[in-house]
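Data block below; observations after.
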2 protein chains.
Amino acid sequence: MSTPMIAILDDEPQIRRMLGEALAEAGFRTAIFSRATEFEAALKRTAPDVCLVDLGLPDRDGLALVHRLALESGAAIIIISGRAQVQDRVTGLELGADDYIIKPFDPAEVVARIRARLRKGRDAGGGATTARFENWSAHFDRYVLAAPDGREVPFSHAEGEVLRLFLQSPKRLISRAQMQESLGGAAGDSFDRAMDVRISRLRTKLDEDPRNPRLIKTIYGAGYIFLGDVSWS
Amino acid sequence: MSTPMIAILDDEPQIRRMLGEALAEAGFRTAIFSRATEFEAALKRTAPDVCLVDLGLPDRDGLALVHRLALESGAAIIIISGRAQVQDRVTGLELGADDYIIKPFDPAEVVARIRARLRKGRDAGGGATTARFENWSAHFDRYVLAAPDGREVPFSHAEGEVLRLFLQSPKRLISRAQMQESLGGAAGDSFDRAMDVRISRLRTKLDEDPRNPRLIKTIYGAGYIFLGDVSWS
DNA sequence: TCGCAATCCTTACGAATTGTTACATGGGGC
DNA sequence: GCCCCATGTAACAATTCGTAAGGATTGCGA
């Protein structure tokens, strides 16, 4: 499955254009239809990964179409509708839709929801699993750290918890108390020493100079701060 | 999967009660938590099918929690939030959430969206009997494993249970407690040693190098993780 | 019912990882 | 400069995990 294919079915030209542009920009292939008959004919030739269907179609009952799609097609189905009542949403979802977006909508949210559907459908590798920072990359699915020189350093679960905490809020102070809370340690006890050791081990794996750490900086009496630009993917 | 288990994490008693009643009435099992630490502790023992998470938690950054769940748990994640901005929804979904519901909400819609998530989850590997991964294939109808070189290796029922668990949630951390629960073992007992043995046998059948397993990786103190892309048929 | 075989659990011991202790280092107030 | 306390880290202890070997259980056929 190279680039996912998104099918759009809507009778309003404006919305077709808006969605088409947003999805193309997001890197999807698109197939755009204004009438249900064309749409169904196309489905027999190629199977899209996600179908965006407007319920307010002039030439066919939208809900019936959704139901048929849900039964026969393997695609994820996202309803787009002007009908905002809870009952409408419930019946749409019960009939087999995977999501229900209300007009007017923001294209960015549509893209995000499509991505969410594709994630689940493709394989179970959910969310962003790797973080990149300063020529390093941390792969949380494999528990491996890739150094700038290409070397791979495995890290343990304990180290990973600390690392993830840092990478989730870089350039922000993380107090020791916050860490203990997040790492499930009972406060007060001598667990704080264990945390120091975790950080120490993490630092050696990150090739930090103990005298002058560049990534994990200690703020005396307050906590730690992770410098470095982080991007998740 | 008998009756699905829904975990709820919210700090407002009112909402906890409302959701709890609605989900119980809809026929789900529920596990309700008011604080993130309790919630995380429970996750180590048992794996819910869907997690409803409120972002406005007092004791933890909700988005970080969602991200962690997306990385480590196989459950579908539905965010419930009072923050209604499009940007909030997009970041929530990008971090790995499967859906985003805005307060105030109607319990009926929550139930409908949960059902939509469960539907998709079940489709993946529901009636399928064969799983393919990394040039291997596991035939659960015949209790046979086909190696990349064509050799056929039979596996027992006990081994199959473990293998199925892995193949149903690949690239996800599976804690030992969750395994025991899934495999019907009594907790705390010396049954955990039996699990090790099962996995050990499975590893030898999968031709794993004991020093450097490529498929079934041990996360010391946390559980196991199955690497490798899986597709069911 | 008995015996046989296959499977599975339990035990035991070695190996790997993590928490703990102890001591060294360095920062900050006086 | 001196003292106190927070932090770094090496060395040790405790815990967790891998797996070989032996015993218990189950299922099957006679």
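Model, not experiment: these values are computed from the prediction. Naming: A, B, ... by sequence-line order, numbering from 1 per chain.
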Could you pull out all donor-acceptor pairs under 3.5 Å where a side-chain atom in residues 127-136 of chain B meets a protein atom, sequence neighbours excluded?
residue: B:T130; atom: OG1; partner: B:H139; partner atom: ND1; Å: 3.4
residue: B:E134; atom: OE2; partner: B:D229; partner atom: N; Å: 3.1

message: Holding to side chain to side chain donor-acceptor pair (under 3.5 Å), I want the full list of residues that pass it with B:R151, two or more places apart in sequence or in another chain.
response: B:D149, B:D207
task: Give the minimum heavy-atom separation between B:I101 and B:F105, together with the two atoms involved.
output: CG2-CB, 3.7 Å
query: Does a nitrogen or oxygen in the side chain of B:R193 sit under 4.0 Å from OP1 or OP2 of C:dT11?
result: no
task: State plainly whether the residues B:R117 and B:D98 are in salt-bridge range, i.e. N to O under 4.0 Å.
output: no
- prompt: Contact class for A:Y224 vs. all strands (heavy atom < 4.0 Å): base, sugar-phosphate, or nothing?
  reply: sugar-phosphate
message: When the axes are fitted on five pairs at both termini, how much does the helix from C:dT1-D:dA30 to C:dC30-D:dG1 curve, in 10° steps?
response: 30°
Residues in ring pair (Phe, Tyr, Trp, His ring centres under 6.0 Å) contact with A:F28, at least two apart in sequence or another chain: none
message: If you apply the rule salt bridge (Lys or Arg N to Asp or Glu O under 4.0 Å), what do you find for B:D99 with A:R113, and how did you get there?
response: CA-CA 8 Å; B:D99 209 336; A:R113 287 186 179 272; 2.8 Å; yes
- prompt: How far does CG of B:D54 sit from OG of B:S81, to the nearest 0.5 angstrom?
  reply: 6.5 Å
task: Keeping the roles fixed (side chain from B:R172, backbone from B:S73), state whether a donor-acceptor pair exists under 3.5 Å.
output: yes
message: From CE of A:M195 over to P of C:dT21, roughly how many Å is that when rounded to an integer?
response: 16 Å
task: Quick one: do A:R203 and A:T218 satisfy side-chain hydrogen bond (donor to acceptor under 3.5 Å, both in side chains)? Show the steps, please.
output: CA-CA 11 Å; A:R203 279 211 256 234; A:T218 304; 3.2 Å; yes
- request: Measure from CG on B:D192 to P on D:dG18 and round the result to the nearest Å.
  value: 11 Å
Pairing of A:R176 and A:D196 as salt bridge, 4.0 angstrom limit: yes
- prompt: Going by heavy atoms closer than 4.0 Å, what residues in residues 205-223 of chain B are next to DNA chain D?
  reply: B:P210, B:T218, B:Y220, B:G221
field: Carboxylate-amine/guanidinium proximity below 4.0 Å for B:R45 and B:E181
entry: no
task: Write down the distance between CG (B:D196) and C1' (D:dT16), rounded to a whole number of angstrom.
output: 9 Å
message: In this structure, how many angstroms lie between the C1' atom of C:dT18 and the CZ atom of A:F155, rounded?
response: 16 Å
task: Calculate the interatomic distance between A:E161 atom CD and C:dT17 atom C1'; express it in whole Å.
output: 14 Å
Detail all sub-3.5 Å separations between protein N/O atoms and N/O atoms belonging to nucleotides 5-8 of chain C.
residue: C:dC8; atom: OP1; partner: B:S156; partner atom: OG; Å: 3.3
residue: C:dC8; atom: OP1; partner: B:H157; partner atom: N; Å: 3.2
residue: C:dC8; atom: OP1; partner: B:A158; partner atom: N; Å: 2.9
residue: C:dC8; atom: OP2; partner: B:S156; partner atom: OG; Å: 2.3

field: Residue whose nearest DNA chain D nucleotide is more 5′ - B:I199 or A:S200
entry: A:S200
